[in-house]
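In what follows, a structure is listed as structure tokens, so that the remarks can point back to it.
FYI, the numbering just counts along the sequence from 1.
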Amino acid sequence: MIDSTFLSTIYLLRGATQGDIDAVNIICEAIEFKAGQPIVTEQDKSRDIMVLGAGRARVETRGGDLIGELKVGDMIGEIAFLDGKERTANVSAIGDSTIFVIPEKGLRELMRTNPKLEVTVLRNATLALCQRLRDANRQVESLLVSR
């Protein structure tokens, strides 16, 4: 199990009850990654949500271009979790890192039996995606302005 205090601070579970956080904690698994090791690869079929528990991660396009860097508490995999399709980017560890994996099957079962948790998770994942879209729009705009 993961430190439930840490889980209570992650964006995905913001607003969840302590009972909900404890239930998610039971299904979590911590996985260690070495520097440069892939965490997920584009077009991977996994739909688990991951949270960076320690270290940093690099998000890249298929061609290796930097999309962004993730810090402790950031989510990985919410797009695939939400739309049921493959991963959209490559993510690799920068230095030694710990990833907390929240398995899709277990989380969906918790959400099915707890509609309040389902609303919390879906709301928070959607808000995180909205922020990423806003950030991407700013990046595109800065590229267009600099031409």
Show me the donor-acceptor pairs within less than 3.5 Å that the side chains of residues 69-78 make with the rest of the protein, sequence neighbours left out.
unit_1: Lys71; atom_1: NZ; unit_2: Asp74; atom_2: OD1; d: 3.4
unit_1: Asp74; atom_1: OD2; unit_2: Lys71; atom_2: N; d: 2.8
unit_1: Glu78; atom_1: OE2; unit_2: Arg132; atom_2: NH1; d: 2.9

Give a yes or no on this: more than 12 heavy atoms of other residues, nucleotides or ligands lie within 6.0 Å of atom [atom1] of [X].
X	atom1	answer
Arg123	CZ	yes
Glu141	CD	no
Arg138	CZ	yes

Would [X] and [Y] show up in the same hydrophobic cluster when neighbours are defined by side-chain heavy atoms closer than 4.5 Å?
X	Y	answer
Ile99	Ile26	no
Tyr11	Val91	no
Leu13	Leu127	yes
Ile27	Val51	yes

message: Whether the side chain of Ser97 engages the backbone of Arg56 through a donor-acceptor N/O pair (distance < 3.5 Å, no angle test) should be reported.
response: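 The answer is yes, because a donor-acceptor pair under 3.5 Å joins these two groups.
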query: Got a donor-acceptor contact below 3.5 angstrom from the Asn124 side chain to the Arg14 backbone?
result: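 At least one qualifying donor-acceptor pair exists.
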query: Less than 4.0 Å between a side-chain N and a carboxylate O, is that true for Arg87 and Glu42?
result: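 Salt bridge: no.
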query: What residues, two or more places apart in sequence or in another chain, satisfy side-chain hydrogen bond (donor to acceptor under 3.5 Å, both in side chains) together with Asn114?
result: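 Only Asp20 meet the side-chain hydrogen bond (donor to acceptor under 3.5 Å, both in side chains) criterion with Asn114.
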Please name the pair of heavy atoms, one in [X] and one in [Y], separated by the smallest distance, quoted to 0.1 Å.
X	Y	result
Thr120	Gly15	CG2-C, 4.3 Å
Ala89	Val59	CB-CG1, 3.8 Å
Ala35	Asp96	N-OD1, 3.7 Å
Leu7	Cys28	CD1-SG, 4.2 Å
Ile39	Ala93	CD1-N, 3.8 Å

Determine whether [X] and [Y] make a side-chain contact, defined as any pair of heavy atoms from C-beta on separated by less than 4.5 Å.
X	Y	value
Leu12	Ile102	yes
Met111	Leu122	yes
Glu60	Ile67	no

Roughly how far, to the nearest 0.5 Å, is [atom2] of [Y] from [atom1] of [X]?
X	Y	atom1	atom2	value
Glu118	Leu107	CD	CG	9.5 Å
Ile10	Leu52	CD1	CG	11.0 Å
Asn90	Asp65	CG	CG	11.0 Å
Phe33	Thr98	CZ	OG1	9.5 Å
Arg47	Lys85	CZ	NZ	10.0 Å

- prompt: Of all residues at least two apart in sequence or in a different chain, which pass the side-chain contact (heavy atoms from CB on, under 4.5 Å) check with Ile79?
  reply: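 Testing Ile79 for side-chain contact (heavy atoms from CB on, under 4.5 Å), a comparison that skips the adjacent residues, returns Asp83, Thr88, Leu129.
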No-hydrogen, no-angle side-chain donor-acceptor test under 3.5 Å, Gln131 and Asp135: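 Side-chain D/A pair, Gln131 to Asp135: present.
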query: Among pairs that include at least one residue of residues 99-110, which meet side chain to side chain donor-acceptor pair (under 3.5 Å), considering only residues two or more places apart or in two chains?
result: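 Output for this query lists Glu104-Arg108, Glu109-Arg112.
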Counterpart residues, salt bridge (Lys or Arg N to Asp or Glu O under 4.0 Å), relative to Glu32 (two or more places apart):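 Not a single residue meets the salt bridge (Lys or Arg N to Asp or Glu O under 4.0 Å) criterion with Glu32.
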field: Residue list, ring pair (Phe, Tyr, Trp, His ring centres under 6.0 Å) with Phe100, at least two apart or on another chain
entry: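 Partners of Phe100 by the ring pair (Phe, Tyr, Trp, His ring centres under 6.0 Å) criterion, ordered by chain and then number, come out as Phe6.
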task: Under the side-chain contact (heavy atoms from CB on, under 4.5 Å) rule, what do Val40 and Ser46 come out as? Steps first, then yes or no, please.
output: CA-CA 8 Å; Val40 298; Ser46 169; over 6 Å; no
